[in-house]
Q: 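Please find one structure pasted underneath; my questions will follow.
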Amino acid sequence: MKTVCRKLILAIFVAFLIWPMAASYSFATDQGTSSSFDDPANKMSGLSEDFSLDGLSAKAADGGSPLLGDECELALSVSGNAGSVRYKFVWEQGGWSRWGSIRQGEPSASCPWTPEVTGDVNIWVDAIDSAGRVTTRKFPVHVDACRLSVDGGPDLEWSPGMKVAIRAAAAPGAKLKFVWEKDSWAEWGVAQGPSEATSCAWEPTSSGSYKVYVDVSVGGFSATTVLPVSITEDFSLDGLSAKAADGGSPLLGDECELALSVSGNAGSVRYKFVWEQGGWSRWGSIRQGEPSASCPWTPEVTGDVNIWVDAIDSAGRVTTRKFPVHVDACRLSVDGGPDLEWSPGMKVAIRAAAAPGAKLKFVWEKDSWAEWGVAQGPSEATSCAWEPTSSGSYKVYVDVSVGGFSATTVLPVSITEDFSLDGLSAKAADGGSPLLGDECELALSVSGNAGSVRYKFVWEQGGWSRWGSIRQGEPSASCPWAPEVTGDVNIWVDAIDSAGRVTTRKFPVHVDNNLSNFTSISVEPSYGSVSAGDTVAITPNLIVRNNRGVKYKYVWMRNNWNEWGVIESGEDKSSLNWVVSRTGDISIYVDVIDTTTGQTLTCKKDCYFAPEDWSYDGISVSNTFIRPGDEVSVTTECTGDTRFLNYKYVWSRNNWSNWGIAQNGSDASLSWTPDKPGEYDIYCDVSGSDGKVTTRKIHIGVWDYSRITAISTDGDYSWGVRADMGTLDAEKSGQFEFKFVWAKPDWSQWGVLRAKSTTNDAYFNPSDLGLSSGYYVLYCDVTYPDGSVHSKSTQVYYNPIGSSTVLGVSRISLLTWLTSHQYDSYYLGTRYSGGFSYDTCLYPNGSPRWDGYTGMNCTGFVAHAYAAVGGDVAAIGRNNAHSPWAGGPGGGGYINAWRWYGYACDSGCKMYEFRTVRDMLNSGYAQKGDIIFFKTNGAIDCHIGFFWGDTPYENKMWHQILPGNLIGPCFNNANKSEYNQSVVLIK
């Protein structure tokens with residue numbers, strides 16, 4: 001028990017010992033918060049001491065806000081259980097940059113305070129309860145050096161010589177100095193020097209925004225109070241009037257009065273007037289600053305002018321306003337106003353008001369000076385009489401010269417000529433609607449002022465797809481018209497007034513045809529059977545309004561116009577008798593033509609006429625074996641009714657390789673002379689009135705020894721030889737004998753291939769005869785029936801080292817294919833393609849891609865021709881050997897030339913390699929159709945094509961180069977110098 005008492009006494013002692021420390025520490029450690037020390041006794045008893053610091057008032061001795069150096073009363077408002085509370089007061093400013101203790105902890109909730117600073121100050125209060133707990137509160141207070149005011153308040157209205165009373169409430173004994181400034185100290189002055197006087201009288205020099213300063217010194221403290229004072233001088237420039245001496249608008253060179261309308265406080269304002277025009281391109285001073293708000297002005301320019309007014313108040317501040325004014329050279333008018341109605345010979349009075357003594361010149365113009373004239377020359381006369389030549393939009397100009405100034409006034413004048421095109425009637429001569437080609441009357445309905453109007457008439461149809469002029473401009477509102485078309489037509493009328501202005505109106509008119517309702521044709525008799533040779537009456541059924549110039553054309557037709565003819569035509573043939581000369585299913589057409597207008601109507605009648613009876617007995621010829629130039633006679637025999645038969649003779653040579661019509665008509669016999677040898681067939685087509693054709697033919701052999709032919713089927717190793725007699729009939733006749741001989745061109749060697757006989761063929765095989773390569777001449781002597789001998793020859797080239805194939809395909813097939821296109825543009829001229837793909841390099845002109853694209857590279861040309869005769873290009877595309885590169889020849893497939901070389905090497909073809917093109921040609925190994933491959937080192941592009949020489953020595957190649965496919969000398973376009981290159985012949 002003793003120990004517990006000792007501990008309790010010790011705790012109470014320590015609490016009392018440290019309480020002052022805690023109370024003074026609170027401002028420095030926990031400003032604006034509450035802190036306390038726990039009382040063990042309170043904890044044990046559970047007693048509370050609740051209170052609240054509700055506010056703080058700070059009043060100077062005069063009841064106003066605190067003043068520098070003037071003791072004021074701080075009064076704390078407290079509620080709750082505060083009987084044991086003590087209060088400590090401290091002031092601070094600027095976040096404790098300046099501070100001071102007011103009072104230590106005492107029970108009174110108020111205390112006196114003499115401020116040492118001005119501005120916003122914080123009063124900190126520590127309220128310490130009986131247990132030593134501290135509650136801290138901050139209360140803001142404002143301190144003035146003095147309380148400053150002016151009589152009438154800080155917003156004053158300016159008046160000249162005004163005096164302003166300035167008053168300051170300050171601490172007793174304070175010394176006060178009154179100072180004013182304006183526009184950031186651009187102007188300032190001392191209203192009253194330092195003294196204890198608390199007021200002074202201040203005389204401002206002008207309106208403006210001022211600040212009044214009072215420097216206060218009291219009790220060793222000093223500060224300044226500022227009061228903004230506004231002295232306004234508000235006024236408004238409301239408008240400007242400008243009147244000439246006659247009360248009208250300003251005139252050039254004529255003094256006018258400028259009167260400014262001003263409202264508000266403008267007693268001290270001075271006014272400056274300036275004029276400008278065109279953005280200050282021209283300007284001048286009217287008057288410098290003076291108190292009067294009006295002034296005289298003599299304008300020096302015309303048009304829109306700006307009057308600028310500077311209003312300068314007592315402070316020299318300038319208020320600027322712009323007022324637009326219009327100045328005329330003169331005020332222009334015409335009697336009756338500017339909108340007049342046209343009448344021929346009219347006179348218009350023009351009047352002008354101008355400055356006294358001004359010289360005036362009156363001028364008129366129309367259509368941007370297309371027409372113009374002087375109504376009156378320069379004078380002081382202010383009016384004149386003007387005679388316009390026509391209606392229209394005019395401008396009247398008056399040139400004014402006065403006082404050294406000159407200008408022009410313009411007045412638009414409209415002289416109208418109003419009229420209306422109300423309608424149009426169109427009637428034919430018979431009073432009906434207009435008729436094609438028949439003159440009708442066009443009558444225009446017009447109202448209004450149309451006395452000077454001229455009228456032009458034009459027709460059009462189909463949106464001006466067809467049109468024509470009816471009449472040029474004339475005063476009459478009606479005119480004749482002969483329509484050139486039928487259907488809906490537009491009549492366009494241009495109405496041209498006195499001024500040449502055109503008013504256009506469109507009037508729809510319908511024009512009818514002379515011919516109509518052609519619906520049928522009558523053929524009589526309409527019953528029973530009509531046969532060839534019978535007479536029928538043909539009558540067209542239609543309406544013809546005017547028979548003048550109407551023509552009829554009668555036509556028969558069979559087999560959908562494969563056969564047709566004109567029966568008869570002419571005028572006055574509204575009906576026709578026809579002796580039937582065409583039978584079977586016949587259509588009769590009748591064209592009815594109005595020759596005046598070109599109108600044509602057509603109708604048809606389908607009929608059946610029975611054919612006649614006849615038979616085709618045969619055809620004969622005077623000679624079946626003749627020579628060119630010999631005449632033969634051909635006769636056709638027919639029996640029965642032959643009145644309507646037609647004989648058509650046609651000749652055919654060598655199975656229709658040539659043919660022609662020798663004769664066509666009613667003559668049954670033909671005299672005919674062939675001009676070339678050959679196997680001829682003469683045909684005769686015989687047809688009756690029903691058009692059905694029966695044909696017979698007869699053969700004629702026409703012979704002539706024209707040449708000897710030698711044909712090789714084994715790649716120029718051997719040849720079959722025969723004489724070309726034009727017809728096999730010559731050989732079959734046994735009347736001719738043939739002898740075949742071979743020889744070197746110089747006859748150093750020769751021999752007989754076949755002795756004289758009636759057999760027309762021989763066989764030449766140089767190998768069997770032990771002959772070497774070279775040219776040989778083959779001869780054939782033909783003995784004619786009259787015993788005469790006729791000889792002809794041909795030359796061949798024998799090459800024992802040739803081959804019958806080219807890289808595995810038939811040489812003859814390859815040559816036949818290429819030769820068939822040697823003279824067309826199937827390959828030749830095809831553009832070069834660098835695409836290096838199947839899709840871009842395999843399309844000659846003669847076989848374009850699906851979208852029309854054409855193009856080949858060199859290998860694409862060879863591949864296309866090779867594939868065309870059955871070559872296996874796919875196998876070539878798979879070869880990757882024998883190129884200069886270890887990894888193979890790269891892309892392109894079978895359009896890569898190196899793969900052709902590799903394939904040739906691997907397939908065992910005959911191949912010959914030469915250093916140059918000249919070496920290849922000199923070797924004699926080249927054979928037409930061989931593939932030439934220009935083999936390079938890989939750094940230079942290779943090339944490929946076909947040897948195309950007719951002999952081994954002819955420098956000719958068919959290949960694809962840039963820019964296109966051609967036949968020409970052998971070369972690699974990429975390496976014409978033949979550097980690092982060899983030439984490979986592939987057979």
Side-chain angles (χ1 to χ4, degrees), residues 1-67 70-117 119-143:
M1 184 67 179
K2 288 181 180 179
T3 303
V4 172
C5 291
R6 288 192 192 102
K7 287 181 179 180
L8 178 60
I9 293 168
L10 179 60
I12 294 170
F13 174 77
V14 171
F16 277 100
L17 183 64
I18 67 174
W19 176 83
M21 295 172 60
S24 64
Y25 172 79
S26 66
F27 290 106
T29 62
D30 196 13
Q31 299 163 9
T33 64
S34 298
S35 63
S36 64
F37 292 92
D38 293 336
D39 187 341
N42 285 343
K43 281 187 176 180
M44 293 173 63
S45 64
L47 299 177
S48 64
E49 192 174 359
D50 294 333
F51 62 91
S52 173
L53 306 182
D54 300 324
L56 180 80
S57 65
K59 293 185 179 180
D62 60 1
S65 60
L67 295 170
D70 184 30
E71 185 179 279
C72 67
E73 180 73 11
L74 299 178
L76 191 65
S77 175
V78 184
S79 60
N81 186 5
S84 300
V85 177
R86 290 169 293 117
Y87 304 95
K88 177 180 178 182
F89 293 84
V90 174
W91 68 269
E92 67 86 10
Q93 187 180 55
W96 298 91
S97 62
R98 302 180 71 184
W99 70 280
S101 178
I102 301 174
R103 193 191 74 184
Q104 294 301 313
E106 295 182 10
S108 173
S110 62
C111 69
W113 173 47
T114 301
E116 305 170 27
V117 296
D120 293 326
V121 178
N122 291 317
I123 304 298
W124 293 84
V125 178
D126 285 350
I128 306 114
D129 67 8
S130 61
R133 288 187 299 267
V134 179
T135 298
T136 302
R137 282 288 304 280
K138 176 179 72 174
F139 300 97
V141 171
H142 187 80
V143 179

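Note that these values count all heavy atoms, side chains included, but never hydrogens, waters or copies made by symmetry.
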Q: How far does CD1 of I102 sit from OH of Y87, to the nearest 0.5 angstrom?
A: 15.5 Å
Q: Any side-chain heavy atom of V90 sitting closer than 4.5 Å to one from E92?
A: no
Q: Taking all heavy atoms of V143 and all of P115, pick out the closest pair and write down the distance.
A: CG1-CB, 3.6 Å
Q: Anything under 3.5 Å between a donor and an acceptor, one on a side chain of residues 105-114, the other on a protein residue two or more places apart or in another chain? List them.
A:
unit_1, atom_1, unit_2, atom_2, d
S108, OG, S110, N, 3.3
S108, OG, S110, O, 3.0
S110, OG, E73, OE2, 3.4

Q: Give, for atom CG of L74 and atom NZ of K59, the distance between the pair rounded to the nearest 0.5 Å.
A: 12.5 Å
Q: Write down the atom of D54, the atom of S79, and the distance for their closest heavy-atom approach.
A: OD2-OG, 2.8 Å
Q: For the residue pair H142 and D120, what are the closest heavy atoms and their distance?
A: ND1-OD1, 2.8 Å
Q: V117 versus R98: any side-chain heavy-atom pair under 4.5 Å?
A: yes
Q: Show the numbers, then the answer: is there a side chain to side chain contact (heavy atoms under 4.5 Å, CB included) between W91 and E116?
A: CA-CA 10 Å; W91 68 269; E116 305 170 27; 4.0 Å; yes
Q: Is there a side-chain contact between V78 and V85, using heavy atoms and a 4.5 Å cut-off?
A: no
Q: Test of understanding: with side-chain hydrogen bond (donor to acceptor under 3.5 Å, both in side chains), list the residues that count as partners of S84, not counting sequence neighbours.
A: none
Q: Roughly how far apart are N81 CG and S52 OG, rounded to 0.5 Å?
A: 12.5 Å
Q: Okay, side chain of R137, backbone of V125: is any donor-acceptor separation there less than 3.5 Å?
A: no
Q: Could you state the interatomic distance from CZ (F89) to CZ (R103), rounded to the nearest 0.5 Å?
A: 5.0 Å
Q: Rounded to the nearest 0.5 Å, how far does OG of S77 lie from CZ of F139?
A: 8.5 Å
Q: Measuring from L56:CG to I123:CD1, what's the distance to the nearest 0.5 Å?
A: 6.5 Å
Q: How close do P66 and A58 get, heavy atom to heavy atom, and via which atoms?
A: CD-O, 3.6 Å
Q: Check whether any side-chain heavy atom of T135 lies under 4.5 Å from a side-chain heavy atom of F51, and answer yes or no.
A: yes
